[in-house]
Amino acid sequence: MSSSTSSLEARHRQLGLTDDEYARILDRLGRTPGDVELAMLSLMWSEHCGYKHSRRLLRRLPTEGRHLLLGPGENAGAVDVGDGLAVAFKVESHNHPSAVEPFQGAATGVGGILRDVFAVGARPIAVLDSLRFGEPLDSPRSRYLLERAVAGIGHYGNSIGVPTVGGEIYFEQSYEQNCLINAMCLGLAPHERLIRSAAAGPGNVVVLLGALTGRDGIGGASVLASAELGEGDEAKRPSVQIGDPFTEKKLLECCLELLDRELLVSLQDLGAAGLTSAASEMAASGGVGITLDLCQIPLREVDMEPFEIMVSESQERMLCVARPECVGELLAVCERWEVLATTIGGVTDGDALQVLHRGSVVADLPVSVLIDDCPLYDLRPEPPSSELYSPPEAVLGGGESPAETLLALLRSPNLASRRPVFEQYDPIVQSRTVRRPDEADAAVLALPDGSAIAVSIDGNGRRVACDPRRGAAEAVYECAANLACVGAEPLGLTNCLNFGNPEKPHVAWQLTEAVEGLAEACEALGVPVVGGNVSLYNEAPSGPIFPTPVVGMVGRLPDATRAGRLGFAAEGDAIALVGAFEPSAAGSELSKLRGYAPVGELPIVDAQTLRSAHAAVRSGIRSGALRSAHDIAEGGVAVALAECCIAGGLGASVRLPDGLDPFAEAPGRAFIVAGPPAALEGFAVIGQVGGDTLAIAGLLEVDVSELTSARERGLAEWV
Amino acid sequence: MKFGIVRFPGSCDDIDALQAATRVGEAVLLWHADHDLQGVDAVIVPGGFSYGDYLRAGAIARFAPVMAQVEEFAREGGLVLGICNGFQVLCEAHLLPGALLPNVSLKFVFRQVELEIVRADTPFTRARIPGAPTPRLSIPVKHTTGRFYAPEDELDRLEAAGQVLLRYAPGHNPNGSLRDIAGVCNELGNVFGLMPHPEHAVDPLSGSTDGLTIFDSMRAHVEQHVLA
Amino acid sequence: MRARVLVRPKAGILDPQGQAVERALPALGFQGVRNVHVGRLIELDVEDPERLPEMCDRLLTNPLIEDWEIEEGGIEEPR
Amino acid sequence: MRARVLVRPKAGILDPQGQAVERALPALGFQGVRNVHVGRLIELDVEDPERLPEMCDRLLTNPLIEDWEIEEGGIEEPR
Ligand SMILES: Nc1ncnc2c1ncn2[C@@H]1O[C@H](COP(=O)(O)OP(=O)(O)O)[C@@H](O)[C@H]1O
Ligand SMILES: [Mg+2]
């Protein structure tokens, strides 16, 4: 639509603002906004930037903890890991871009989360990915999305020299139209290098670092294009952004050197809404104003319009504030790293974000209107009155023997070996990796003082669909259990809330319940939320995705050399079951294979019992009493045992406690551990390691080689 | 004994190589734009994605100013080790024979592989693990462009001249390299390139210390021939 | 028929390869080179050239980020 | 002058990209496609076209594994 035929009133709607929101803008400004201003406001007041439907809810999440250094509100949160070091981390979604172009969408997702981490002054040291697709068997599109997203994540992480050390993948029909691509990054920094994004010091200089600004990601705002631009200009606003890890690698090294030399007052990445959000957030958190001169900004395309420059989402850019006397040295460092650096404005008194173009003011907005006046909406949650998700197609009839059932589970896309995926990621660059994928339940990275950090990412949407509150809590418990298996104690967590349309009452209910579950679990474990991300409107005509809170947790262990492994390690070791384990079939992997819809109550958790089980495993690993530990998650105790056998290349014979359903699930509560029999006194011993088969008394006996090949074959067919 | 590790824009395993070399000697970084090797006794061209691997892996890095010095150092018999991207750079610079092509799978591959030392009497392989029955090394590979290629007659010549120093053990070729070649040296024997990453196998915490063989060998050679 | 498909990064889309080449050339003493773009060249024998556009859209290129052009001819097989 | 460099994998060298395309086409209903090869297309403005062969040999291609061909013309900048 050309601007000559559309009135300004129509435009605010085209830009995604409601009439009420537009009225609010008129009221706050006391005048009509100009074109550039309207573009800026529409983006800052969007769900993505303004968290309109989730901000109030997020206040429920506990954010206090004794290890916390940076909490929500910064580009990434950070916790203390001792020895004067901090670990910053965050998880973020790139769902919608990846559905359009999975390779570049996933790649730029990784690029974006890396920038959030080095924006706080931390060197990115690890990436994890959390992926959701439709069923690979039925859907060529899902196989394509999987293959290309994995290639894109590897491309960016591998090329920039940050190891991808872990992740998770689930396949469920509900993600067929809305795949989820979440990426988490961890960074390491000496405490004194951590930096905030708050701009400060009127008179200081604003410098743009990194890539040229192009017409990337202008999307919706392009309705503002002036009529004079010729035909075909629409084609010049690419709908897909190309990630350039090489440029970001230089940008990353350059930013860290600038910080080490103490040349920066504040630093901020450019993400959604580009310069607009970066500048307004820096100004808002610093209580100052910022003036930008668009003519100074180096452009990739000639003749870009002011609004295009202000909202461009071109990748691999950062904004920083520096004292005037530091600018010379700053530019010299940038030149050495071959990073483009341009002074584009300055910090001012007051609270105006002022934008100049060819000598005239094209925007002059109070930062408070851009940031604080964004309307916040209360959700209207209502539990659904009917089932939201249809049952999956049955793969198993129910008449199979336990051995056949176990093999079917190991082969199923959600449980099969992830090797075809993680072999496309470099997990060892930077030489910190002590436990790589398939060696343990959490990735482990060594620190200079001999200790280590552990990290895990989890979120089983099917269980959250059954019971949003308990399912979300389980994601937290499972992460903590994974950390316990390597001997680590949780320090903090991050989360990404992937949900459907929050304006629908049942999605609002899922969201509210899930946040409550996360909060309860955090409180139960005493772990703070250091930050996160929200992705809403993941919805197809057929309905919303499974509610999918993804949790990433970071912990610490005192001695890297004692990091736990999951595989059975020695013939003759005793095997014990740790934890109160009362699993249920609802929401289990087997229930899915049998064609049951995701409904039913999940088992309750007694926080005290859970914590003491985690503590027992953690201390057993730390002391060396345990030679392996593995939490019992999807597929229940039978699958957990099989995984211990496969990873160790050793058999086992066990007798399960009476009445324990071998395939029922209660993630996060219980563990399979093994160690020398004398060391396992006081544990509930259920058998011993040895032989070439997994034998569960009265139930099944299968060759370890057969278990291995079932598990290895599963995904290999699709990747 | 002092190693110099070249750092290009886009190098990723430079610090890893520096740390590995530090286990057997001193080590410094050499900046790509400098014309100075800082008096090092051996040069390592490390892994990573120099210049983004754009155009062809190693194609742009070979023209970095520091490479002129590296070439001269190599002509004078100095030890030069190219790891992964460094191997690609040395091939592009014609310091090593052959070329590296995209993996047959067309995908990046990370894998712990077994390598056979073809010759254990070279400056890069002489410190092979004592007492090992077949001299095998367990070292990780990680690359997208690692398929070693040279024309057939050139391959014959390389093998006859003893320039193939490392092979993937049977069943371990991760990329389709011709004749399972994992590492080759130049005619003089002082420049060596390999796709696997010995610098990632020097610490028991990482699961293998077999990569130290390469660094130990280089030190032994330098101490015997250069510093003596 | 032997055909040739020229695949180019779409206008307005970042072309990091082209940029890298453009920056590398002056250092080698090649001045006066500009607007470098790197794309792909696909050559193939087709029985039914009319289906080529469809092949381009569906498999050979990614229409979101690439433009294509078909030319007849090209180096013959076996080379 | 706008010029175009066509870069092709040398004959006899395994071209897995070409093979992958050739294998994928029949599954999409495209029969009768053979001898697919995937190379690179480099387009650039040069002031001194005579230096192009040298650029090709030194930077743009690796003569051990690639052949090149220079053509005049190509899509003009700015596009
Ligand atoms: N689910 C969540 N839990 C906790 N904090 C959150 C969550 N979602 C967003 N946040 C916090 O809100 C702030 C704004 O998030 P976002 O706009 O994604 O940041 P950025 O623009 O830096 O990527 C961040 O500090 C982030 O950590
Ligand atoms: Mg940010």
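Per chain, numbering begins at 1; letters A, B, ... match sequence-line order. No experiment lies behind these values; they were computed from the predicted model shown.
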Against chain D, work out which of C/V46, C/L59, C/D48 has the most heavy-atom pairs shorter than 4.5 Å and name it.
C/L59
Heavy-atom closest pair (C/R2 atom, D/N35 atom, distance to 0.1 Å) is NH1-O, 2.8 Å
Under 4.5 Å from any heavy atom of chain C, what part of D/L25 do you find: side chain, backbone, both or neither?
both
So for D/E22, is it side chain, backbone, both, or neither that comes closer than 4.5 Å to the heavy atoms of chain C?
neither
Counting only heavy atoms closer than 4.5 Å, note whether C/V7 contacts chain D via side chain, backbone, both or neither.
backbone
If you tally heavy-atom pairs under 4.5 Å between each of D/L44, D/I42, D/L41 and chain C, the highest tally belongs to D/L41
To the nearest 0.5 angstrom, please state how far the CD atom of C/E43 sits from the CG atom of D/L6.
7.0 Å
Spacing of C/Q31 atom CD and D/R51 atom CZ [to the nearest 0.5 Å]
8.0 Å
